[in-house]
Amino acid sequence: MIGRKNMGRAYPVLLVLLAPVLLLTMIIHNKASNSGSWVVDGLDWFDPVIRIPGNVKRSEDLSSKYHVAVTATDTPYSQWQCRIMFYWYKKVKDMPGSDMGKFTRVLHTGSPDKLMEEIPTFVVDPLPEGLDRGYVVLNRPWAFVQWLEKATIEEEYILMAEPDHIFLKPLPNLADGIQPAGYPFFYIKPTEHEKILRKFYPEGNGPVTDIDPIGNSPVIIKKSLLEEIAPTWVNVSLRMKDDPETDKAFGWVLEMYAYAVASALHGVRHILHKDFMLQPPWDLEVGKNFIIHYTYGCDYNLKGELTYGKKGEWRFDKRSYLTSPLPRNLSLPPPGVPESVVRLVKLVNEATANIPGWDTLTTGQDQK
């Protein structure tokens, strides 16, 4: 684990695969061990923040274009979502009001897959086997570290997105210069988890209210700033996963809390945009939102009443299609279902109807 003195004994392979991050961390620890460490439960944890040297010059190009980046695996589940996302990116990219630049699927499998020619893709390594402990999202921050270090990225800003995002309309750059833009999640509540968060954000850094109620996605951020935050994000994510109390408390949103903490450790606050995206079935109207995020299952009876937590007579749930692409021409919801859900199904149907070979891409890894 990055940030722990005995990590060489715990994860020897990590010493090689995460060498750039580890080296910077160890240098900071050795040179500033008296100023950057704190004690938690009897363990001497050192400062996970990896700071870019002060003499590094930031670009003076104030272009507002941002690069769309989505981390992904080579599973059919991830692939069909990325195909739909990329379809709608291409539809809205060049419309008036858009600041969208190029697109990259950051594939954290270490090997090419069958979407390489369809979607611009950059292959990076996953974490060492077993380190994510079945929590595949833990690969996301490490994927961003590698991509930022190795890829040529022309734009000055990055939009960190996810496969289950659909662009509803052209998205402008919502960041304000060096201050990034994020989406406030109702379930990210730093003040309710102060005791846990103090393990990773000591009192000397400031109040926990300095930790934004966000995840890493969607976030539009200056590339140079993300280069500073991303290694810290890796460190904090691994430390959180290694702490049983934190892992139990945060569960599937652990990596989101890790990004929020990493940003706060660097003194970064985000402009919070409620209309950045909507999440059916809880958000009922499309309104002025830019992205639709279909992470939740949508279950309704034939009267159009929500039956969340119970399989509905009509349903749309991305997790129903883990091993193969969802079918074309999904049935529309019954009358009375909110506009957001109806719009989601229509957007999915349009994409699957127009993506060539939709039903043929059923396996992940390229066999060539």
Side-chain angles (χ1 to χ4, degrees), residues 68 70 72 76-98 100 103 105 115 118-119 159 161-172 174 183 185 217-218 273-362:
V68 180
V70 55
Y77 177 66
S78 179
Q79 287 181 331
W80 68 253
Q81 292 176 58
C82 287
R83 297 180 86 189
I84 292 174
M85 181 193 183
F86 187 57
Y87 172 87
W88 283 104
Y89 156 81
K90 291 188 294 183
K91 287 274 288 189
V92 306
K93 174 183 179 294
D94 295 322
M95 291 182 178
S98 169
M100 306 169 89
F103 184 105
R105 181 179 64 126
L115 284 183
E118 180 179 333
I119 302 176
L159 166 62
E162 296 181 22
D164 59 355
H165 286 178
I166 293 177
F167 293 104
L168 293 162
K169 59 183 181 180
L171 175 62
L174 301 176
Y183 174 80
F185 288 90
S217 175
H273 287 271
K274 183 63 177 176
D275 59 356
F276 209 147
M277 72 179 188
L278 71 144
Q279 303 184 95
W282 310 118
D283 296 311
L284 306 181
E285 299 178 354
V286 172
K288 297 180 179 180
N289 292 279
F290 295 100
I291 293 172
I292 191 166
H293 181 211
Y294 55 98
T295 189
Y296 296 104
C298 300
D299 288 275
Y300 294 87
N301 60 29
L302 296 183
K303 297 179 181 179
E305 299 168 333
L306 182 66
T307 62
Y308 191 79
K310 177 182 177 182
K311 186 174 180 179
E313 296 172 278
W314 180 94
R315 74 181 328 227
F316 174 84
D317 188 339
K318 67 176 186 176
R319 294 167 187 82
S320 299
Y321 309 101
L322 296 175
T323 58
S324 62
L326 51 76
R328 286 181 162 131
N329 196 28
L330 296 171
S331 64
L332 293 177
V337 171
E339 173 201 9
S340 62
V341 180
V342 176
R343 182 74 175 277
L344 168 60
V345 177
K346 289 182 176 179
L347 293 172
V348 168
N349 281 345
E350 178 179 333
T352 59
N354 289 281
I355 296 175
W358 176 256
D359 298 319
T360 60
L361 190 68
T362 56

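Scanning all heavy atoms of the two residues, the minimum distance from Leu326 to Val348 falls at CD1-CG1, 3.8 Å. Contact between Val92 and Ser98 at its shortest, heavy atoms only, is O-CB, 3.9 Å. The minimum heavy-atom distance between Val341 and Pro333, with the atom names listed, is CG1-CG, 4.1 Å. When all heavy atoms are compared, the tightest approach of Tyr308 to Pro281 is CD1-CG, 4.5 Å. Nearest heavy-atom pair, Thr352 versus Asn349, reported as atom, atom and distance to 0.1 Å: OG1-O, 3.2 Å.
Ion pairing of Arg328 with Asp359 is present here, as a side-chain N (NZ or NE/NH1/NH2) and a carboxylate O approach within less than 4.0 Å. Ion pairing of Arg315 with Asp299 is present here, as a side-chain N (NZ or NE/NH1/NH2) and a carboxylate O approach within less than 4.0 Å.
Side-chain atoms of Pro76 and Leu322, non-hydrogen and from C-beta on, never get closer than 4.5 Å to each other. A heavy-atom distance below 4.5 Å is not found between the side chains of Ile292 and Met277. The closest side-chain heavy-atom distance from Lys288 to Lys169 is below 4.5 Å.
Between the OG atom in Ser340 and the CD atom in Glu285 there is a gap of 8.5 Å [rounded to 0.5 Å]. Atom CD1 of Ile84 sits about 12.5 Å away from atom CD of Gln79, to the nearest 0.5 Å.
Annotation: Phe167 is not in aromatic contact with Phe290 [ring centroid separation under 6.0 Å not met]. A distance of 6.0 Å or more separates the ring centres of Tyr296 and Tyr294.
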| field | Tyr321 and Tyr77: CA distance, side-chain angles, deciding distance, ring pair (Phe, Tyr, Trp, His ring centres under 6.0 Å) verdict | value | CA-CA 6 Å; Tyr321 309 101; Tyr77 177 66; 9.3 Å; no
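Side-chain N or O atoms of Asn301 include one that pairs as donor or acceptor with a backbone N or O of Gly304 at under 3.5 Å. Between the side chain of Arg319 and the main chain of Thr295, a donor-acceptor pair closer than 3.5 Å is present. One N or O on the side chain of Asn289 and one on the backbone of Val286 form a donor-acceptor pair closer than 3.5 Å.
Taking the six-membered ring where tryptophan is involved, the planes of His293 and His165 are perpendicular, since the angle between them exceeds 60° and thus also 30°.
Counting only residues at least two apart or in different chains, side-chain hydrogen bond (donor to acceptor under 3.5 Å, both in side chains) contacts with residues 83-93 comprise Arg83-Glu118, Tyr87-Glu350, Lys91-Glu350.
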